S.K.: 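One structure, pasted below without further comment.
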Amino acid sequence: MRSFTFHPGPRILAGPDQARSLAEKLPPGPCLLVTDAELVRLGLADAYIDAIAEGGRALVIFDAVEADPSKETLLAATAAGRAGEVASVVGFGGGSPMDVAKLAAYLLGSGEVLDEIWGVDVATGARLPLMLVPTTAGTGSEATPISVITCEGGVKLAVNARPLTADWAVLDATLTTGLPRDTTAATGIDAIVHAIEAYTSARLKNPISDALARDALRLLSANLTIAIEQPDNLEARSAMLLGAHFAGLAFSNAPVAGVHALAYPLGGLHHLPHGLTNALMLRHVLGHNLEAARELYAELAEIVAPDCAAEGSQARAARLIDTLDTLVRSSGLAPRLRDHGIAFDEAPKLAREAMKQTRLLVNNPCEISEADAQRLYEAAW
Ligand SMILES: NC(=O)c1ccc[n+]([C@@H]2O[C@H](COP(=O)([O-])OP(=O)(O)OC[C@H]3O[C@@H](n4cnc5c(N)ncnc54)[C@H](O)[C@@H]3O)[C@@H](O)[C@H]2O)c1
Ligand SMILES: [Fe+2]
């Protein structure tokens with residue numbers, strides 16, 4: 001067996017009504033709850049707010065996290081925690097609040113400076129106790145040691161370091177039944193892309209991440225349409241949440257690649273939802289990778305289209321791309337860049353920005369040059 005390293009994720013509390021169990025695991029002292037205003041308005045966080053505050057614990061609620069959170073937001077959340085002298089952090093929401101919670105817990109616990117810890121394994125200090133509760137089935141951020149922050153000029157920077165892995169994560173699918181249709185679609189496709197890019201990750205793919213990625217793709221591809229069409233279908237929502245978590249564990253160890261590298265500039269410059277940007281670039285980047293990743297795509301094709309098992313690897317790999325494209329189109333998301341206010345002549349600028357995502361591009365099964373990236377944006381237009 002080839003040598004490999006695998007890092008597990010947080011401990012898990014799964015099932016409905018976990019608020020009290022989570023609160024019991026918090027250390028004594030004030031707690032910072034990081035969430036977004038929409039989730040507070042929906043009352044989704046109420047049970048957690050009540051459980052954490054039970055017994056008189058001071059609770060600092062920071063609910064100003066926007067989609068694709070900025071550095072300013074992260075620093076404001078950290079300042080709120082510092083002012084409240086908090087002893088723990090709970091992140092409640094989609095990837096955006098969870099990513100802010102993770103880094104806030106780290107900055108509060110370590111006292112380090114944000115601009116000195118960007119990148120892979122730079123942050124090695126101690127964070128505050130950290131619990132994460134996802135309300136989207138997408139990023140898998142509750143499973144990962146990664147936090148993505150939008151910085152100056154719309155550039156997305158990440159801290160990817162072991163201390164950011166949470167102590168506990170809650171997987172409660174009842175929190176996801178109110179997700180709007182487009183968010184269910186976009187976040188679900190994000191998770192599917194995590195599974196595929198982990199499975200073809202060039203440097204760090206390993207047997208455990210492979211098993212997780214395959215099972216993630218099985219759960220996600222079979223349940224995305226049901227979750228979109230029947231939002232209250234708890235079985236489908238549970239499969240999506242579990243699939244997104246498995247995909248998160250997979251890509252924590254076998255990192256994502258070209259689809260994310262080309263998706264990020266669309267999110268950073270145009271503020272499109274992260275999952276949507278992945279959906280827009282998916283078929284084009286997979287098409288670019290087709291020859292280099294043919295055998296691996298062929299293996300994944302049997303999961304999403306079992307009837308192709310007898311075909312040759314070229315046909316199966318093509319079938320993976322077609323099946324995913326059909327899934328994206330039937331999800332209701334408008335599938336072209338032009339549908340989202342992006343001009344054709346932005347392609348060179350987007351390509352230049354994508355080249356900055358070197359941490360992702362190195363994981364792609366084949367090279368994506370700046371000229372390739374421009375051609376892929378033009379094809380996606
Ligand atoms: N840390 C990681 O490993 C990782 C991986 C991928 C992406 N990301 C980052 O995560 C962010 C995207 O996260 P996301 O896609 O989960 O979206 P999000 O957290 O930005 O939320 C999107 C919208 O959905 C709403 N929402 C969330 N849960 C809801 C619910 N249950 N019911 C109704 N509305 C709900 C939110 O209020 C928000 O308006 C991006 O910043 C992206 O870069 C992080
Ligand atoms: Fe993603």
Side-chain angles (χ1 to χ4, degrees), residues 9-10 34-45 63-71 73-74 91-103 132-151 154-161 164-166 169 172-198 216 227 231-232 237 240-241 244-245 247-253 255-268 271-279 281-282 357 360:
V34 180
T35 184
D36 71 42
E38 175 66 4
L39 298 176
V40 171
R41 191 187 66 78
L42 291 171
L44 217 59
D63 68 357
V65 179
E66 74 280 32
D68 298 303
S70 67
K71 199 167 154 177
T73 298
L74 167 63
F92 184 96
S96 299
M98 287 193 286
D99 280 6
V100 171
K102 288 156 87 171
L103 261 182
L132 297 172
V133 187
T135 65
T136 61
T139 69
S141 176
E142 78 285 356
T144 77
I146 304 165
S147 174
V148 186
I149 301 294
T150 304
C151 296
V155 177
K156 287 203 171 196
L157 295 181
V159 175
N160 179 347
L164 265 60
T165 305
D172 175 1
T174 65
L175 297 172
T176 68
T177 55
L179 272 171
R181 188 186 169 98
D182 278 2
T183 312
T184 300
T187 52
I189 290 164
D190 183 28
I192 287 175
V193 176
H194 294 159
I196 293 168
E197 295 210 289
D232 291 326
R237 291 289 193 182
M240 292 300 295
L241 192 60
H245 187 77
L249 292 171
F251 88 86
S252 295
N253 291 277
V256 293
V259 181
H260 273 76
L262 268 65
Y264 272 153
L266 297 171
H271 299 290
L272 301 176
H274 172 73
L276 170 64
T277 60
N278 276 309
M281 298 315 297
L282 180 58
Q357 297 295 336
L360 304 175

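Just follow the structure's listing: the first ligand is 1, and inside any ligand the first atom is 1. All figures in this text were calculated on a predicted structure; none of them were measured in a lab.
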S.K.: Is P97 close enough to touch ligand 1? Criterion: a residue heavy atom under 4.0 Å from a ligand atom.
M.R.: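 Contact check P97 vs ligand 1: positive.
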S.K.: Could you find the nearest protein heavy atom to atom 25 (C) of ligand 1 and give me its residue, atom name and distance?
M.R.: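 Result: D36 OD2, 4.7 Å.
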S.K.: Tell me, please: is P69 in heavy-atom contact with ligand 1, that is, under 4.0 Å?
M.R.: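 Yes; P69 lies near enough to ligand 1 that a heavy-atom distance drops under 4.0 Å.
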S.K.: Considering only non-hydrogen protein atoms, determine which one is nearest to atom 15 (O) of ligand 1 and report residue, atom name and distance to 0.1 Å.
M.R.: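 Answer, as residue, atom name and distance: T187 CG2, 3.4 Å.
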S.K.: Going by the order shown, which atoms of ligand 1 are within less than 4.0 Å of some heavy atom of G178?
M.R.: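 It comes down to these atoms of ligand 1: 32 (N), 33 (C).
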S.K.: When only distance counts, is T176 in polar contact with ligand 1, meaning an N/O pair under 3.5 Å?
M.R.: no
S.K.: For V148 and ligand 1, does the shortest N/O to N/O distance drop below 3.5 Å?
M.R.: no
S.K.: Judging by distance only, is a nitrogen or oxygen of T136 under 3.5 angstrom from one on ligand 1?
M.R.: yes
S.K.: Can you tell me how far OG1 of T150 sits from CD of E66, rounded to the nearest 0.5 angstrom?
M.R.: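 Going from CD on E66 over to OG1 on T150, the span is 7.5 Å.
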S.K.: Give the atoms of ligand 1, by number and element, whose distance to some non-hydrogen atom of E38 is under 4.0 Å.
M.R.: 37 (O)
S.K.: What's the verdict on side-chain contact (heavy atoms from CB on, under 4.5 Å) for T176 and M240, showing C-alpha distance, side-chain angles and the deciding distance?
M.R.: CA-CA 9 Å; T176 68; M240 292 300 295; over 6 Å; no
S.K.: Please state which protein non-hydrogen atom is closest to atom 31 (N) of ligand 1 and give its distance, to 0.1 Å?
M.R.: L175 O, 2.8 Å
S.K.: Kindly indicate whether the side chain of S252, heavy atoms from C-beta on, has any atom under 4.5 Å from the side chain of P145.
M.R.: yes
S.K.: Can you tell me the N, O or S atom of D190 that's nearest the Fe ion (ligand 2)?
M.R.: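 Considering only N, O and S atoms, D190 comes nearest to the Fe ion (ligand 2) through OD1.
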S.K.: Can you tell me the protein heavy atom closest to atom 14 (P) of ligand 1 and the distance?
M.R.: G95 N, 3.5 Å
S.K.: Can you confirm, on distance only, whether ligand 1 has an N/O atom lying under 3.5 Å from any N/O atom belonging to D99?
M.R.: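 Between D99 and ligand 1, an N or O pair is found under 3.5 Å apart.
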S.K.: So, does P180 sit close enough to ligand 1 that a heavy atom of it is under 4.0 Å from the ligand?
M.R.: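 For ligand 1, residue contact (heavy atoms, under 4.0 Å) with P180 is present.
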S.K.: Provide the closest heavy-atom pair for D68 versus H274 in the form atom of the first, atom of the second, distance.
M.R.: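 Looking at all heavy atoms of both residues, the shortest contact is OD1-CB, 4.5 Å.
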S.K.: When you measure from atom 22 (C) of ligand 1 to every protein heavy atom, which one gives the shortest distance, and what is it?
M.R.: T183 CG2, 4.4 Å
S.K.: If the cut-off is 4.0 Å to any non-hydrogen atom of L44, which atoms of ligand 1 fall inside it?
M.R.: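 Listed by number with element: 30 (C), 31 (N).
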S.K.: Please report the closest heavy-atom contact between N278 and D190, naming both atoms and the distance.
M.R.: ND2-OD1, 3.0 Å
S.K.: Show which atoms of ligand 1 fall inside a sub-4.0 Å distance from at least one heavy-atom site of H194.
M.R.: 6 (C)
S.K.: Specify which N/O/S atom of H260 comes nearest to the Fe ion (ligand 2), by atom name.
M.R.: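 The Fe ion (ligand 2) is closest to the H260 atom NE2, counting only N, O or S.
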S.K.: As a check for students: among I149, T139, T277, identify the option with a heavy atom nearest to atom 4 (C) of ligand 1.
M.R.: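 Shortest heavy-atom distance from atom 4 (C) of ligand 1: T139.
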S.K.: Provide, to 0.1 Å, the distance between atom 20 (O) of ligand 1 and the closest protein heavy atom, together with that atom's residue and name.
M.R.: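 Sorting protein heavy atoms by distance from atom 20 (O) of ligand 1 puts S96 OG, 2.6 Å first.
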S.K.: Measuring from D99:CG to T144:OG1, what's the distance to the nearest 0.5 Å?
M.R.: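 Spacing of CG (D99) from OG1 (T144) equals 6.5 Å.
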S.K.: Hey, does the side chain of K102 reach the backbone of I146 with a donor-acceptor pair shorter than 3.5 angstrom?
M.R.: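 Yes: the side chain of K102 pairs with the backbone of I146.
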S.K.: Considering non-hydrogen atoms only, spot the tightest contact between V100 and P69 and give its length.
M.R.: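 What the structure gives for the nearest pair is CG2-CB, 3.5 Å.
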S.K.: Suppose we measure from atom 40 (C) of ligand 1 to each protein heavy atom; which comes out shortest, and what is that distance?
M.R.: D68 OD1, 3.4 Å
S.K.: Is the shortest side-chain heavy-atom distance between P10 and T165 below 4.5 Å?
M.R.: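 P10 reaches T165 side chain to side chain.
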S.K.: Indicate the atoms forming the closest heavy-atom contact of T277 with G267, along with that distance.
M.R.: CG2-N, 3.6 Å
S.K.: Report yes or no: does E197 contribute a side-chain atom to a donor-acceptor pair with the main-chain N or O of V259 at less than 3.5 Å?
M.R.: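 A pair under 3.5 Å: yes.
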S.K.: Considering non-hydrogen atoms only, spot the tightest contact between L132 and A166 and give its length.
M.R.: CD1-CB, 3.6 Å
S.K.: Within the 4.0 Å heavy-atom shell around G94, which atoms of ligand 1 are there?
M.R.: 16 (O), 19 (O)
S.K.: Side chain, backbone, both or neither: which part of L39 comes within less than 4.0 Å of ligand 1 when only heavy atoms are counted?
M.R.: side chain
S.K.: Which protein non-hydrogen atom lies closest to atom 3 (O) of ligand 1, naming both residue and atom, and how far is it?
M.R.: T144 OG1, 2.8 Å
S.K.: Show, in sequence, the C-alpha distance, side-chain angles and deciding distance for T184 and R237, and conclude whether the side chain to side chain donor-acceptor pair (under 3.5 Å) test is met.
M.R.: CA-CA 9 Å; T184 300; R237 291 289 193 182; 3.1 Å; yes
S.K.: Show which atoms of ligand 1 fall inside a sub-4.0 Å distance from at least one heavy-atom site of A67.
M.R.: 20 (O)
S.K.: Roughly how far, to the nearest 0.5 Å, is CG of L262 from CG of L282?
M.R.: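 The CG atom of L262 is 11.5 Å from CG of L282, to the nearest 0.5 Å.
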S.K.: Please find the pair of heavy atoms, one from G248 and one from A143, that lie closest to each other, and give the distance.
M.R.: C-CB, 4.0 Å
S.K.: Report yes or no: does a heavy atom of K102 sit under 4.0 Å from some atom of ligand 1?
M.R.: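 Checking ligand 1 against K102, which is what was asked, there is a heavy-atom contact under 4.0 Å.
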S.K.: Set out, in order, the CA-CA distance, both residues' side-chain angles and the distance that settles side-chain contact (heavy atoms from CB on, under 4.5 Å) for D63 and T35, then state yes or no.
M.R.: CA-CA 5 Å; D63 68 357; T35 184; 3.8 Å; yes
S.K.: Would you say K156 touches ligand 1, if touching means a heavy atom closer than 4.0 Å?
M.R.: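 Flag set, K156 near ligand 1.
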